[in-house]
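Note that the structure is predicted; figures quoted are calculated from it, not measured.
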Amino acid sequence: MYSLERPVRGQSSSPKDRLGRKRRTVVSSLTEDEELTEILKSYSSNKVTTTKYSFLSFIPKNLFEQLHRCANIYFIFLAALNFVPVVNAFQPEISIIPILLVLAVTAVKDLWEDYRKHKSDKFINGLVCEIYSRKQQTYVDQRWQDVHVGDFVRLSCNEIIPADMLLLYSSDPHGVCYIETANLDGETNLKQRQLVRDLPRQGSELTPENFHSRIECENPNNDLSRFRGFMEYPSKARVGLHNNNLLLRSCTIRNTETVIGIVVYAGHETKAMKNNNGPRYKRSKLERRLNVDVLWSVVLLVIMCLTAAIGHGLWLRNLKDASFLNPDTTSPALSGFYLFWTMIIVLQVLIPISLYVSIEIVKLCQIFFIQNDVDFYNEYMDSRIQCRALNITEDLGQIQYVFSDKTGTLTENKMVFRRCTIAGVEYPHEENARRLEVYKEDEAMGCSHTLKSRASAKSLSCKSLSCNRSSVSLHTLTGHSEGEESPSPTLPRHSAFSSPMEKDIVPDPFLVQKLNCLSSPLFLLRDASMELTYIVDFFMALAICNTVVVSSPNQPRHVQVPEVSRTPLKSLEDIKMLFQRFGLPRFSTLSPPHTTESPRSFTRRLFSRGKAASFTPSPSPTPTKLGAWSGLENSNGAEGPPCEPGADELIYEAESPDEAALVHAARAYRCTLQGRSLERLLVELPGMGSLAVRLLHILPFDSTRKRMSVVVRHPLTNQVVVYTKGADSVIMDLAESPEGAEQSDGRQGHIREQTQKHLDNYAREGLRTLCIAKKVQTSTEYEIWLKRHAFAETSIENREELLLESAQRLETNLTLLGATGIVDRLQEEVPETIEALQRAGVKVWVLTGDKQETAINIACACKLLRSTDQLLTEACKALLLELRAEVECGEAAEGTSGFTLVVDGRTLDFALQEDLKGDFLELSRRCRAVVCCRSTPLQKSHVVQLVRDQLRVMTLAIGDGANDVSMIQVADVGIGISGQEGMQAVMSSDFAISRFKHLRKLLLVHGHWCYTRLANMILYFFYKNVMYVNLLFWYQFFCGFSGSVMTNSWVLIFFNLLFTSAPPLLYGILDKDVSAETLIKLPELYKSGQNSKAYLPSTFWLTMLDALYQSLVCFFIPYFAHAGSDADMLSFGSPINASALLIILLHQVIESRTLTWLHVLVLVGSALFYFSFTLVFSVVCVTCSPPTNPLGVDKLQMSQPLFYGVCALTTVLALLPRITARFETHVIKKHLFCKSFFKPFLPSLTVTLSDSSIARVPMSLPVKLQGLEVPSLCYSLFTWWLQGSTLTPFKASWLAAVHALLTGDG
């Protein structure tokens, strides 16, 4: 062994100093070097603990966490203050009951949650894997928690990876293994991982004792898509390490018999645990408003206590030598100071101690109802809504702006190849278009051809002979029941993006006819040879420029690449022999034309760049009698479409639907990707059979480059060829004319011009476009680039920047081959959802990376744009002010905003500058909708943040992919769609749904309910506390402001804590002001939540005034009733407490819109609980509440008629203003409802009533609509009545009444 790098002079080389570096050093745990062993021990073990508490730390730690709430500190302070004899108000033991009860309830909830985590941790830490033992010289079974950094772990097929490991050995002869990352990102399609370069790939297993390399890698982080480092061999040679070399914890080994790796990150340092953040916690808008009102309550409490303190001091000063006062030397000012703190204790319930706990309970119940709403269930995906944020449910009812992604959010994200253009010639694929229409019709009739979701068709376990070891299933870590039956291994396996609609592509007959030339000597015609080169290269790029994993039914999910000769073909006879070798159809028997060109020169010219060859783009040929598939036959000799399912059907598992669509399209033309290994691809081309293509490099897609490339060695020409696919805005700029003959320049210029026209047409049809290009590298150019690229790959610092620069250096001067148009259909009910949101006053913005024409087309299809809207598409820097003035003029002329703003990424760069932000926001605020196209993920998040912060509105962002994560996290409410692009968006969201249409009910129904319920419950809490506290305050004016109360301390403490605590909870959980059907049909009702009408500052103060009035009535009616009597203090307080309880309970009955047997049970139960408690208390308690004695007081009061008369009169007078106000509000709401209901009939009414022959009958009171109940079912009846029968005077009076209501005259 050897030591680490030599320490610098004057610098410590201790292990602790090394740990402070930006890199991590990993060596074999079998090393005998003590210094290296100490470094390995300093890393985290693999034991995972997600619990907060231990047996000893629970009480102090939980108490410390609860003390972070100011309300808890406040009430603990008051409880402690009550132990001070000078200021105590009642028994100290009683004062601690409320805070102890609240702390206990919260502690029990935290303990239960922590216990569940403990059970999960214990199960996971106890899983078993094989670790190499130095003592036994073999692999032994060890628990996961005993794994450490530097250990060698051996895994078999279907086993779950216990820690982040570097792949050192695979039983696969090509040095690869496959993992399933469903536990990390929800994707069930397989990912390929490969050995570190220059390690042995076959033969015997890796011997850990012989591993003497050193690994330098980055410190632990949460980036699942990045791993930087290098491995230094004993020879000092360094090899770069990438994400493809890393096996991540929680992933599952698939289709590989054995893998061995060395642990680099363990336990909480693994990427999976770094991403395990648990539920998201945000502060809702209502909670922020609540905190302000709590502060106002504190101010009110201080004012009341100061008033009592000053009054007590003045009362003592004016009272001289009173016989009933004990001699005391305390000054009036000091007595007033003491009384201030006494009153703080007495009036403490003004601050609602149980409100915060009640809010948590209500929100948990609201989440329960949302998650169990059957309308959110998706049977195809077997999924329901997920509520990941536990405390912002009410924000769903206050959304003002919705920012939506397009692909996968508004659309299906089922990419289907629709049409293409190659070498400037467009192939419309009309039969393919008709096929898609058939699918639409079948799905509309309920006969869907699409498969169920990937979640319901999970990948099967490997059942091959080399991969039959049973292990812990994937479900054990995801909470699925172990009793669930796994799919039978004999059933066909389905993969993502492989439904019949996506796979069964009907080729264009004209393009097929040209490809048939490869099977005919007619392809030697000089005029067509160059176009054929473009066609072959185009489909070659579609087949290999991807990361698709190839598999077949009932077989391991990857296909080995058989040995195929890599020698370039020398002649046409060689091609014939190759066809015979693979058993493919022979050449056509058509006679070849006379040509002087040698076969070898033709082959080179056909598949090389062909700079000097002449080429004339041919128009789409006319159909001939030759069958479309005369030359492209199935391998079994039968004619028919190329994608007929059969025994030899291949399954493509792609990371994105775009990749799958293009590979299926290439296969439809017999350019079939048949297998993939680490260094080779097996591709079948028409007329040439199966060819082994050497894979040199893959330059993956990223959002900066907006393209991906593969570098291969061409199997025929042996040249280094770069195939690139990407966004047309990027590829068209990189596709420059090659240096050479003028004919070549003219050819490329013509291709670019025609391709651009076709791209524009595709975009207008709403198709997603991709451009395909190639580049041929000379050996010298490739060697120069390879040296720089190797340096970038082995770098740890700035690796991403270096790799980006290396890729951009290679992807220049591309030869444009063509472009594809892929259709992505709208999801069901998207137009209806967007229309409902706009009616609800929600502004919808679409942020997409697609072309402007595509974005506009989709916006029109989903009714975001109306036919009458004016499009503002030239919003460049110089025209923002001009457009703003145009919109203002349009608003002044029309009265409504009928503008839609469409901006691209470059315009957004200008608009997001500091000096233009205000103008851009003002312009967009006046538009009905905004569409941002060609926008990057960073621009999306900046737009959301700008609107949220500058306009101070509630924002919601919804998306389905990793490129939407930043936007989702910035918005007030982030919603992820669990679609076909994994779970990155879901994992970063607050709520997760499966379809965009679910947003309609989530906001308009559940959002409205959650907001109104919680707002009304909070106001009710403030009301009942203020109302009861004022009773105690009014009594101070009659007891010398002494801090005395007219009730015993037990009733005082329990009144808000027990007697009146259950009804508000039920109020906040079950109350429905409007039914779900009405909220869906009348989205305008959602505007009340946007404007916070249920909880405005004015509403809060009106509630306080109402509580003040009710407390005055509740106190002074019993006061005047007992005036002049000999009733003592407790006898006076008994009817006051009873009346207060009845008023508070009946107040909720008045405010509730829903009354069920459960409400009656709770309300009646609360009243009976109070009267039972007080009655029993007055019978059995003798010394329970010193110095007062409540014995027999309530029993006596409840036996007198005066008690019930006072309670009845007090309750009626106190609630009379509330009843009156509620009745008026109810009438107004009916009026508005009727107006909204009859609004669609206004044009018909105007036409009907404009007939001069109709006698106008005056409206009579019985037909006024202000108090009319109009059920939703009356729509059809009213329409029939309006259009059907003869117009009678009675009917005319009704119509006149409706017309007057709608026009404001009635």
How close do [X] and [Y] get, heavy atom to heavy atom, and via which atoms?
| X | Y | value |
| --- | --- | --- |
| Trp1009 | Ala1076 | CZ2-N, 3.6 Å |
| Leu396 | Phe991 | CD1-CZ, 3.8 Å |
| Thr1211 | Ser1139 | OG1-O, 4.2 Å |
| Ala1140 | Leu1031 | CB-CD1, 3.7 Å |
| Ile1069 | Cys365 | CD1-SG, 3.5 Å |
| Ser1092 | Gln398 | OG-NE2, 3.1 Å |

Ignoring hydrogens and angles, state whether a donor on the side chain of [X] or [Y] is under 3.5 Å from an acceptor on the partner side chain.
| X | Y | value |
| --- | --- | --- |
| Ser1042 | Gln1036 | no |
| Asn62 | Asp110 | yes |
| Ser1152 | Thr1154 | no |
| Asp395 | Ser284 | no |
| Thr393 | Lys363 | no |
| Asp1073 | His1008 | yes |
| Tyr74 | Gln348 | no |
| Gln366 | Arg1013 | no |

For the residue pair [X] and [Y], establish whether any side-chain heavy-atom pair is separated by less than 4.5 Å.
| X | Y | value |
| --- | --- | --- |
| Tyr1028 | Asn1137 | yes |
| Met304 | Leu350 | yes |
| Leu1002 | Ile370 | yes |
| Asp972 | Ile392 | no |
| Val844 | Tyr401 | no |
| His1147 | Asp1106 | yes |
| Leu1145 | Pro1063 | yes |
| Val1113 | Gln1110 | no |

* Hey, mind stepping through Val953 and Ile399 against side chain to side chain contact (heavy atoms under 4.5 Å, CB included) and telling me if it holds? -> CA-CA 8 Å; Val953 292; Ile399 300 300; over 6 Å; no
If you draw a 6.0 Å radius around [atom1] in [X], do more than 12 non-hydrogen atoms from other residues or ligands fall strictly inside?
| X | atom1 | value |
| --- | --- | --- |
| Lys917 | NZ | yes |
| Trp296 | CH2 | no |
| Arg952 | CZ | no |
| Trp845 | CH2 | yes |

Is there a donor-acceptor contact under 3.5 Å from the side chain of [X] to the main chain of [Y]?
| X | Y | value |
| --- | --- | --- |
| Ser297 | Asp293 | yes |
| Asn1025 | Val349 | yes |
| Thr342 | Tyr338 | yes |
| Asn1048 | Val1051 | yes |
| Ser1111 | Leu1108 | yes |
| Arg948 | Val970 | yes |
| Thr106 | Leu103 | no |
| Tyr1035 | Gly1133 | no |
| Trp1101 | Leu1096 | no |
| Asp1071 | Tyr1067 | no |

So how far is it from [X] [atom1] to [Y] [atom2], rounded to the nearest 0.5 Å?
| X | Y | atom1 | atom2 | answer |
| --- | --- | --- | --- | --- |
| Leu1216 | Leu1213 | CG | CG | 7.0 Å |
| Ile359 | Leu1065 | CD1 | CG | 10.5 Å |
| Gln66 | Ile99 | CD | CD1 | 8.0 Å |
| Leu1142 | Ser1166 | CG | OG | 11.5 Å |
| Gln969 | Asp990 | CD | CG | 9.5 Å |
| Thr307 | Phe340 | OG1 | CZ | 10.0 Å |

Taking [X] first and then [Y], would you say they form a salt bridge - that is, a charged N and a carboxylate O separated by under 4.0 Å?
| X | Y | value |
| --- | --- | --- |
| Lys1087 | Glu1084 | no |
| Glu922 | Arg926 | yes |
| Arg1218 | Glu1151 | yes |

* Asked: Could you walk me through whether Leu286 and Leu290 pass the side chain to side chain contact (heavy atoms under 4.5 Å, CB included) check?
  -> CA-CA 6 Å; Leu286 189 62; Leu290 167 64; 5.8 Å; no
* For the pair Phe1055 and Phe1059, name the ring-plane relationship: parallel under 30°, tilted 30 to 60°, perpendicular over 60°. => perpendicular
Can you check whether [X] and [Y] have ring centres sitting under 6.0 Å from each other?
| X | Y | result |
| --- | --- | --- |
| Phe1115 | Phe1038 | yes |
| Phe1041 | Trp315 | no |
| Tyr1011 | Tyr1095 | no |

* Trace of the salt bridge (charged side-chain N to carboxylate O under 4.0 Å, His left out) decision for Lys109 with Glu360 -> CA-CA 11 Å; Lys109 177 181 72 71; Glu360 287 188 5; 3.8 Å; yes
* Full working for side chain to side chain donor-acceptor pair (under 3.5 Å) between Gln400 and Thr955 -> CA-CA 6 Å; Gln400 296 165 283; Thr955 58; over 6 Å; no
* Please step through side chain to side chain contact (heavy atoms under 4.5 Å, CB included) for the pair Val346 and Phe1033, ending with a clear verdict. => CA-CA 9 Å; Val346 171; Phe1033 181 69; over 6 Å; no
* Asked: How far apart are the C-alpha atoms of Phe403 and Leu956, what are their side-chain angles, what is the distance that settles it, and do they pass the side chain to side chain contact (heavy atoms under 4.5 Å, CB included) test?
  -> CA-CA 6 Å; Phe403 299 89; Leu956 180 148; over 6 Å; no
* Show your reasoning for whether ring-ring contact (aromatic ring centres under 6.0 Å, His included) applies to Phe376 and His998. => CA-CA 6 Å; Phe376 293 138; His998 295 159; 5.6 Å; yes
